[in-house]
Asks: 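Okay, handing you the structure first.
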Amino acid sequence: MAMTLLLGGAASGKSRTAAALAAGTGLDVTVIATGEALDDEMAARIDRHRRERPDDWTVIEEPLDLVGAVERAGGATIVDCLTLWASNQFGHDLADEEILEAAAAAAKACAARPEPTIVISNEVGSGIVPMHPLARRYRDVLGRINATFADAADVVALMVAGRAVRLSTMLTDLEEP
C-alpha cells in the first residue's frame, strides 16, 4: 500500500478507516491535520480528534503547506483532510490554478513516499448544486483536487456508512455486464 485515497461524505467512516489502516501497518504513525480552529465548533471538533488519537502518534498541524508536511512525515501517514486544506487555500485568496498546482505537487509528494500514505477527502459533488458562486467554485475545485489525488493513488475507496467501496481506476477496468 503506497497511497490510498479515502473519499466520502461527512461522518462516513473515513478517519476511522484511515486510522485502522495506518495502525495495521505496524509502523509509527504520523497524522497531518489540516484543520484550523477558526470558531468554537471547529475547536471542539479538533479537540475531539486529538483525544481519539493514540498518544504515541505524531501530529503535524499544517493548514497550508501540505508538501512540506508530507516531506516531514515519517512512518505510515494520514492526511486529514484535503477538504479543509482546500478551504484553507480559498481563505488565503489563491486562484483556482494555484490551488490545483499545489494539489498536484502534494499528490506527487504523497505518492512518492516509501511508507504508506492514507489521504482523506470529502466527496462534495454528489448533492445539490449550491446556490452561492463561491460554494460552486469550491465544489468544482475540490472535485478536481480529488481527481488529481485519485490519479496518483494506488487505491481509491468511497466510504459509505462506514464501509469502503473500492473504485475502479479506469473505465476499461470495469467488468462487462
Side-chain angles (χ1 to χ4, degrees), residues 1-23 29-39 41-54 57-73 75-92 94 99-100 102-111 113 116-127 135 137-165 167:
M1 168 173 63
M3 183 166 91
T4 300
L5 175 63
L6 299 177
L7 300 167
S12 62
K14 299 179 302 292
S15 293
R16 185 182 69 209
T17 299
L21 287 171
V29 176
T30 298
V31 176
I32 299 172
T34 63
E36 292 184 285
L38 300 177
D39 58 41
E41 185 274 336
M42 193 61 179
R45 200 177 275 265
I46 290 169
D47 186 55
R48 186 183 77 241
H49 276 276
R50 285 177 179 148
R51 286 192 318 269
E52 291 172 351
R53 287 187 206 113
W57 285 13
T58 299
V59 178
I60 299 172
E61 294 185 354
E62 180 50 64
L64 296 170
D65 182 15
L66 192 49
V67 171
V70 168
E71 289 172 349
R72 292 190 311 272
T77 297
I78 299 170
V79 176
D80 195 1
C81 69
L82 296 179
T83 315
L84 291 172
W85 176 81
S87 180
N88 298 338
Q89 303 299 311
F90 273 66
H92 283 80
L94 295 177
I99 296 169
L100 293 169
K108 183 177 179 180
C110 287
R113 295 185 73 249
T117 306
I118 302 110
V119 180
I120 299 168
S121 190
N122 284 29
E123 179 53 63
V124 300
S126 297
R137 178 180 163 224
Y138 177 78
R139 175 210 54 197
D140 293 346
V141 169
L142 183 60
R144 291 174 66 192
I145 290 169
N146 288 346
T148 297
F149 272 81
D151 286 345
D154 298 292
V155 175
V156 181
L158 178 65
M159 298 301 303
V160 180
R163 302 293 187 255
V165 179
L167 301 179

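All values below come from the heavy atoms of this structure, side chains included, with hydrogens, waters and symmetry mates left out. Just so you know, these numbers come straight off a predicted model, no measurement behind them.
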Asks: Measure across L66 and A106 and return the closest heavy-atom pair with its distance rounded to 0.1 Å.
Replies: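 Heavy atoms only, the tightest pair is CD2-CB, 3.7 Å.
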
Asks: Could you walk me through whether C110 and V79 pass side chain to side chain contact (heavy atoms under 4.5 Å, CB included), step by step?
Replies: CA-CA 9 Å; C110 287; V79 176; 4.3 Å; yes

Asks: Answer yes or no: is there a side-chain heavy-atom contact under 4.5 Å between E52 and R48?
Replies: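 They are in side-chain contact.
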
Asks: Take D47 and R51 through the test salt bridge (Lys or Arg N to Asp or Glu O under 4.0 Å) and record every step on the way to the result.
Replies: CA-CA 6 Å; D47 186 55; R51 286 192 318 269; 2.3 Å; yes

Asks: Atom OG1 in T117, atom CG in D154: separation rounded to 0.5 Å?
Replies: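 If I round to the nearest 0.5 Å, the distance is 9.5 Å.
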
Asks: Main chain of L7, side chain of N146: is a donor-acceptor contact present, judged purely on distance under 3.5 Å?
Replies: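 No.
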
Asks: Considering all heavy atoms of both residues, which atom of G13 and which atom of T17 are nearest to each other, and what is their separation?
Replies: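 Looks like O-OG1, 2.8 Å.
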
Asks: Ignoring hydrogens and geometry, is there a side-chain-to-backbone donor-acceptor pair from N122 to V124 under 3.5 Å?
Replies: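 Not confirmed, N122 side chain does not pair with V124 backbone.
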
Asks: Can you give me the closest heavy-atom contact between A102 and V67, atom names plus distance?
Replies: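 For A102 and V67, the tightest heavy-atom pair comes out as O-CG2, 4.5 Å.
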
Asks: Shortest non-hydrogen contact from A69 to I60?
Replies: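 A69 and I60 have their closest heavy atoms at O-CD1, 3.7 Å.
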
Asks: Answer yes or no: does atom CZ of R113 have more than 12 heavy-atom neighbours from other residues, nucleotides or ligands under 6.0 Å?
Replies: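 Yes.
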
Asks: Can you name the nearest heavy-atom pair linking A164 to A157, along with the distance?
Replies: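 Answer, listing the atom of A164 first, then A157: CB-CB, 4.2 Å.
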
Asks: Classify the side-chain pair S15/D80 by whether it contains a donor and acceptor separated by less than 3.5 Å.
Replies: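 Yes, because at least one side-chain N or O of S15 sits under 3.5 Å from a partner of the opposite role on D80.
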
Asks: Answer whether the closest heavy-atom distance between the side chains of T58 and V31 falls below 4.5 Å.
Replies: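 No. Closest side-chain heavy atoms not under 4.5 Å.
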
Asks: Which value, rounded to the nearest 0.5 Å, describes the distance between E36 atom CD and I46 atom CD1?
Replies: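 Result: 8.0 Å between the selected atoms.
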
Asks: Say you draw a straight line from CG of L94 to CG of L100; how long is it, rounded to the nearest 0.5 Å?
Replies: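 Going from the CG atom of L94 to the CG atom of L100 covers 10.5 Å.
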
Asks: Using only atom types and a distance under 3.5 Å, with no angle test, would you say the side chain of W85 pairs donor to acceptor with the backbone of L64?
Replies: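 Flag set: sc W85 to bb L64 pair under 3.5 Å.
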
Asks: Check the pair I99, I145 against side chain to side chain contact (heavy atoms under 4.5 Å, CB included), reporting the backbone distance first and the verdict last.
Replies: CA-CA 8 Å; I99 296 169; I145 290 169; 3.8 Å; yes

Asks: Do we get R137 above F90's six-membered ring, with its NZ or CZ under 6.0 Å from the centre and within 45° of the axis?
Replies: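 Checked: cation-pi criterion met.
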
Asks: Using modelled atom types only, decide if a donor and an acceptor are shared between the side chain of R72 and the backbone of G68 within a distance under 3.5 Å.
Replies: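 Present.
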
Asks: Would you sort out whether T34 and E62 count as a side chain to side chain contact (heavy atoms under 4.5 Å, CB included), showing the intermediate values?
Replies: CA-CA 5 Å; T34 63; E62 180 50 64; over 6 Å; no

Asks: I want to check something: taking the side chain as every heavy atom from C-beta on, are I32 and I78 in contact at a cut-off of under 4.5 Å?
Replies: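 Contact flag for I32/I78 side chains = no.
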
Asks: How long is the straight-line distance from OG of S87 back to CG of L142, given to the nearest 0.5 Å?
Replies: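 With rounding to 0.5 Å, CG (L142) is 9.5 Å from OG (S87).
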
Asks: Is there a donor-acceptor pair closer than 3.5 Å between any side-chain N or O of T148 and the backbone N or O of R144?
Replies: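 Side chain of T148 to backbone of R144, a donor-acceptor pair under 3.5 Å: yes, one is there.
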
Asks: To the nearest 0.5 Å, tell me how far N88 CG sits from L38 CG.
Replies: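 Here the rounded value is 7.0 Å.
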
Asks: Is there a donor-acceptor contact under 3.5 Å from the side chain of K14 to the main chain of G9?
Replies: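 Such a contact is found between K14 side chain and G9 backbone.
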
Asks: Are the charged groups of E61 and R50 less than 4.0 angstrom apart, N to O?
Replies: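 Salt bridge present between E61 and R50.
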
Asks: Show the nearest heavy-atom pair for residues A18 and I118, with the distance to one decimal.
Replies: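 For A18 versus I118, the nearest heavy atoms are CB-CG2, 3.6 Å.
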
Asks: Distance from L82 atom CG to F149 atom CZ, nearest 0.5 Å?
Replies: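 One gets 4.5 Å once the value is rounded to the nearest 0.5 Å.
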
